[in-house]
Amino acid sequence: MTSEPTLQMSETLSHEATATARGRPVLAIHGGAGTLLRSAMSPEAAAQYTNALEGILRAGQLQLQRGDSALDVVVQAVRALEECELFNAGRGAVYTAAGTHELDACVMAGDGLRAGAVAGLRTTRNPVLAARAVLEHSEHVMFVGPAADLFAARQGLEQVPHGWFGTPQRLQQLRLAQALAAGVVLDHDGQAAVINTDNAPLDEGQKFGTVGAVALDDAGHLAAATSTGGMTNKQAGRVGDTPLIGAGCYANDATVAISCTGTGEPFMRALAAHDVSTLMAYAGLPLAEAAERVVMQTLPALGGQGGLIAIAASGEVCMPFNTEGMYRGFARVGEAPVVAIYKEAQP
Ligand code: GLY
């Protein structure tokens, strides 16, 4: 088992809410939730993930320290996650059943409930930048398909050949997922095969990879951003929760900023991110209680697996998940970043 280098707590971070630090600028990020790899996990593989998360948190921390807006910080964090091929967004995105990539992203600013979203991108290098461009430069809220790529290109955003998003590991995952779906891949116990192909800490074949960031800035504004390649072997044209405001992404200065990761359809049906905000706004629940109810009760009742990261207007951070692990971390200005993968902190 690997160690958790910077995790100080024995809990899951799901109730991280240090009263002393509330209200201070803070960033939280995730790189997807999932099940544990059943074969041996190397400390080196875990370190790759935790180092990547920590580096992104440190960069965001500096931005917050110098007074950047929460919107700037979440967009930069998600852009960095998209550029890192360990995670399922941007480069390293999973494949559709047709062997293509279709990328979704959403950005929301808590002041004025401003939002932008894109779905089914195929050539825009950083979908999160396209979502932000929709927020800032369009009278609309969401674009889909080739028109969304065209919009991004007209906004000056970099376009790449479609094959740029793929990696050999993701292609292997598609092949194995398709073989598994066809019932031909079994492990030596006759169980469903572990289809992880790169010794990642979470089983990449059973991981609901999406990336996301939420932040509270010095001015008291919240923002959220989420980006994904979707689910391995998804039907071409399928859109999940990630680009849907209130499902996989939501920010409201009066309540909370949220980014979700998981099996998209239940998150869509539950309006998971908005549900947390609603429980806080109308039922008066504290963030930890509202998030716990959605992730541990509402979503499982619909077959939803995954988790979310959230920052309340108070600065409280909460990162619950109902899977065995979630790549995640948070950083307050002036404090060491905290990064974790598994449910339990390792000794
Ligand atoms: N949560 C990402 C998706 O379902 O597409």
Side-chain angles (χ1 to χ4, degrees), residues 28-35 74 78 81-82 86-98 100-108 117-122 124 127-128 130-131 142 144-145 148 165-166 170 173-174 177 181 202-214 224-250 258-276 291 294-295 298-300 302-310 319-328:
I29 60 175
H30 71 78
T35 61
V74 295
V78 168
L81 288 159
E82 288 176 344
L86 292 174
F87 303 109
N88 170 20
R91 182 157 170 80
V94 298
Y95 285 85
T96 68
T100 57
H101 303 280
E102 294 181 353
L103 310 172
D104 306 331
C106 182
V107 168
M108 189 155 183
V118 286
L121 294 184
R122 284 165 160 254
T124 302
V128 72
M142 187 173 193
V144 300
F165 297 105
R170 295 296 187 207
Q173 283 162 18
L174 173 66
L202 299 182
D203 181 345
E204 291 293 307
Q206 316 243 0
K207 178 175 152 280
F208 313 114
T210 287
V211 306
V214 290
T226 313
S227 179
T228 192
M231 314 270 287
T232 296
N233 201 27
K234 68 182 180 182
Q235 191 174 335
R238 174 264 189 192
V239 175
D241 61 309
T242 297
L244 300 185
I245 294 146
C249 188
Y250 189 71
I258 294 194
S259 173
C260 299
T261 172
T263 45
E265 283 73 8
F267 283 72
M268 294 157 84
R269 289 156 60 207
L271 273 180
H274 189 256
D275 204 28
V276 175
V294 171
V295 173
T298 308
L299 286 167
L302 297 170
Q305 293 177 273
L308 58 82
I309 56 171
M319 311 176 96
F321 51 95
N322 60 32
T323 49
E324 289 170 77
M326 181 166 80
Y327 299 117
R328 65 200 188 279

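In what follows, every heavy atom counts, from backbone to side chain, and hydrogens, waters and symmetry copies are set aside. Counting convention: from 1, in listed order, for ligands and their atoms alike.
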Could you tell me whether some N/O pair between Gly262 and ligand 1 is separated by less than 3.5 angstrom? yes

Could you pull out all residues at least two apart from Ala272 that satisfy side chain to side chain contact (heavy atoms under 4.5 Å, CB included)? Cys260, Phe267, Val294, Leu299

Sequence-distant partners of Cys106, side chain to side chain contact (heavy atoms under 4.5 Å, CB included), two or more places apart: Ala117, Ile245, Cys249

Does an N or O from Glu265, backbone or side chain, lie closer than 3.5 Å to an N or O of ligand 1? no

Min heavy-atom dist Thr261 to ligand 1 below 4.0 Å: no

protein heavy-atom neighbour closest to atom 5 (O) of ligand 1 works out as Arg238 NH1, 2.6 Å

Return yes if some donor-acceptor pair links the side-chain N/O of Asp241 with the main-chain N/O of Ala270 below 3.5 Å, else return no. no

If the cut-off is 4.0 Å to any non-hydrogen atom of Thr210, which atoms of ligand 1 fall inside it? 1 (N), 2 (C)

Which atoms of ligand 1 sit under 4.0 Å from any heavy atom of Met231? 4 (O)

For Gly264, take its heavy atoms, then give the atoms of ligand 1 lying under 4.0 Å from any of them. 4 (O)

Checking the side chain of Thr226 only, and the main-chain atoms of Gly248 only, is there a donor and an acceptor separated by less than 3.5 Å? yes

Assert yes or no for the condition that the ring centre distance of His30 to Tyr327 is strictly below 6.0 Å. no

I'd like to know whether Glu102 forms a side-chain hydrogen bond (donor to acceptor under 3.5 Å, both in side chains) with Thr96, so could you lay out the CA-CA distance, the side-chain angles of the two residues, the decisive distance to 0.1 Å, and finally the verdict. CA-CA 7 Å; Glu102 294 181 353; Thr96 68; 5.4 Å; no

Taking 4.0 angstrom as the limit and counting only heavy atoms of Thr242, give me the atoms of ligand 1 inside it, by number and element. 1 (N), 2 (C)

If you round to the nearest 0.5 Å, how far is CZ of Arg328 from CD1 of Ile309? 11.0 Å

Which of the numbered atoms in ligand 1 are under 4.0 angstrom from any heavy atom belonging to Asp241? 1 (N), 2 (C), 3 (C), 4 (O)

